[in-house]
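Here is the structure we will look at, set down as structure tokens.
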There are 2 protein chains.
Amino acid sequence: MGVSKSHIFSLQQNELAQAAKVLAHPARIAILEYISKQDSCICTDLVDEIGLAQPTISQHLNEIKKIGLLKGTFEGKNLCYCIDQEMWSQLKLLFNTFFSTITKNCC
Amino acid sequence: MGVSKSHIFSLQQNELAQAAKVLAHPARIAILEYISKQDSCICTDLVDEIGLAQPTISQHLNEIKKIGLLKGTFEGKNLCYCIDQEMWSQLKLLFNTFFSTITKNCC
DNA sequence: ATTTAATATTGCAATATTACGATAATAATA
DNA sequence: TATTATTATCGTAATATTGCAATATTAAAT
């Protein structure tokens, strides 16, 4: 089949997996790091900086936008993409909680 | 084409993306949580617990193993999969560092 | 209103991922 | 050694992801 059976998992498990998926590509990591460094950016900067074609960067940006990690103006010239701090903190907490729940050992 | 151009990214960016990829499926989140709860496990428990076919669980376990997140005995009856605490801490730090580097705002 | 610069969308090809049935391999037990 | 229980591998199908060329859209500037 090839479809993830998300319905058999909890909301929390799906949310964390979905967030991880956004981070599961080095281009998107690089994009987030670059936006962070610049405080804001336009897409062409990213194309020059990262070395992927403009449509590809646009697609990656869209993946990041879809989970609400970017805010700002998204149309026309002189875009201002910024990281949504609230969502960022939420994700940080989500991952941190997950990493903290697993603490025991057996072997 | 469809191949990730990992060579244009830094080692750190690729490592984080690779780690995120392992967490980018709810079944693997569920597996890690379950192993954590049990301290140890055998694959059949996971098949019953999670509701995916045994070969599918085996594949997911293999993805987790590949980045060194599991240790223990992996052959024969009465397996003992455990989370590698050292690697776990390393990943926790990796994600935490990433989430901490991005702190500024613009809009 | 045209031009220009920047981003988005479409369409397509290549590869990766997810899932499972069938089967093989492994190791303990009878 | 044959059986049994458990996990791994193979083969295959369906879907998802990655990437880019071509094109469309958008909004500012001329």
Side-chain angles (χ1 to χ4, degrees), chain A residues 1-9 13-14 17-31 34-35 38 40-67 70-82, chain B residues 1-9 13-14 17-31 34-35 38 40-67 70-82:
Chain A
M1 318 234 160
V3 206
S4 283
K5 292 188 166 180
S6 54
H7 61 281
I8 66 176
F9 302 105
Q13 288 166 340
N14 279 305
Q18 204 65 32
K21 204 175 237 178
V22 173
L23 304 181
H25 195 291
R28 292 193 286 269
I29 299 289
I31 287 172
Y34 186 72
I35 294 179
Q38 302 300 311
S40 71
C41 83
I42 52 172
C43 190
T44 302
D45 287 340
L46 287 170
V47 174
D48 296 343
E49 172 78 11
I50 290 175
L52 291 171
Q54 179 266 321
T56 308
I57 297 289
S58 188
Q59 274 178 26
H60 281 304
L61 277 171
N62 206 254
E63 293 300 309
I64 302 172
K65 269 188 249 170
K66 276 198 294 190
I67 59 159
L70 292 179
K71 64 172 180 178
T73 36
F74 295 108
E75 320 91 44
K77 216 173 139 190
N78 296 325
L79 291 221
C80 177
Y81 292 98
C82 310
Chain B
M1 316 229 160
V3 208
S4 283
K5 292 190 164 179
S6 54
H7 62 281
I8 66 175
F9 301 105
Q13 288 166 341
N14 279 306
Q18 204 64 32
K21 206 175 235 178
V22 173
L23 303 182
H25 195 291
R28 293 194 285 270
I29 300 289
I31 287 172
Y34 187 71
I35 295 179
Q38 302 300 312
S40 71
C41 82
I42 52 173
C43 191
T44 303
D45 286 341
L46 287 169
V47 174
D48 296 342
E49 173 77 12
I50 291 174
L52 291 171
Q54 179 265 323
T56 307
I57 296 290
S58 189
Q59 274 178 26
H60 281 305
L61 277 170
N62 208 255
E63 292 300 309
I64 302 173
K65 270 189 248 169
K66 276 199 293 190
I67 59 159
L70 293 179
K71 65 173 181 179
T73 38
F74 295 106
E75 319 92 43
K77 212 173 141 189
N78 296 327
L79 292 218
C80 178
Y81 293 98
C82 310

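The basis for the numbers below is simple: all heavy atoms, side chains too, and nothing from hydrogens, waters or symmetry mates. Note on naming: letters A, B, ... go to the chains in the order of the sequence lines (proteins, then strands), and numbering restarts at 1 for each one. This one's a predicted model, so the numbers in the text were calculated from it and none came from an experiment.
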Given the rule in the side-chain contact (heavy atoms from CB on, under 4.5 Å) test, do A:Ile64 and A:Ile35 qualify, once you have shown the distances and angles that lead to the verdict? CA-CA 12 Å; A:Ile64 302 172; A:Ile35 294 179; 6.0 Å; no
If you define the side chain from C-beta out and look only at heavy atoms, does anything of B:Asp45 sit under 4.5 Å from B:Tyr34?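 A side-chain contact under 4.5 Å exists here.
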Do A:Lys66 and A:Asn62 make a side-chain contact, defined as non-hydrogen atoms from C-beta onward lying under 4.5 Å apart?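 When only atoms from C-beta onward are counted, A:Asn62 and A:Lys66 do touch, with a gap below 4.5 Å.
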[atom1] of [X] versus [atom2] of [N]: gap in Å, rounded?
{"X": "B:Ile29", "N": "C:dT18", "atom1": "CD1", "atom2": "P", "value": "12 Å"}
{"X": "A:His25", "N": "D:dT18", "atom1": "NE2", "atom2": "P", "value": "5 Å"}
{"X": "B:Arg28", "N": "C:dA16", "atom1": "CZ", "atom2": "C1'", "value": "12 Å"}
{"X": "B:Ile64", "N": "C:dT18", "atom1": "CD1", "atom2": "P", "value": "11 Å"}
{"X": "A:Gln59", "N": "D:dT17", "atom1": "CD", "atom2": "P", "value": "11 Å"}
{"X": "A:Gln18", "N": "C:dT18", "atom1": "CD", "atom2": "P", "value": "12 Å"}
{"X": "A:Ile8", "N": "C:dT18", "atom1": "CD1", "atom2": "P", "value": "13 Å"}
{"X": "B:Leu70", "N": "D:dA8", "atom1": "CG", "atom2": "P", "value": "11 Å"}

Scan residues 48-60 of chain B for pairs that pass side chain to side chain donor-acceptor pair (under 3.5 Å), counting only residues two or more places apart or in two chains. B:Arg28-B:His60
side-chain contact (heavy atoms from CB on, under 4.5 Å) between B:Ile8 and A:Leu52: does it pass, once the steps are laid out? CA-CA 9 Å; B:Ile8 66 175; A:Leu52 291 171; 3.8 Å; yes
Check whether any side-chain N or O of [X] sits under 4.0 Å from OP1 or OP2 of [N], and answer yes or no.
{"X": "A:Lys65", "N": "C:dT7", "value": "no"}
{"X": "A:Lys21", "N": "D:dT17", "value": "yes"}
{"X": "B:Ser58", "N": "D:dA8", "value": "yes"}
{"X": "A:Tyr81", "N": "C:dA8", "value": "yes"}

With sequence neighbours excluded, residues passing side-chain hydrogen bond (donor to acceptor under 3.5 Å, both in side chains) with A:Gln13: A:Ser10, B:Glu33
Taking all atoms of both residues into account, what is the closest heavy-atom pair of B:Ser6 and B:Asn14, and its distance? O-ND2, 2.9 Å
Under 4.0 Å, heavy atom to any atom of DNA chain C: which of residues 48-57 of chain B qualify?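 Result for residues 48-57 of chain B: B:Leu52, B:Ala53, B:Pro55, B:Thr56, sorted by number.
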Counting side-chain heavy atoms from C-beta on, which of D:dG19, D:dA8, C:dA8 comes nearest to A:His60? D:dG19
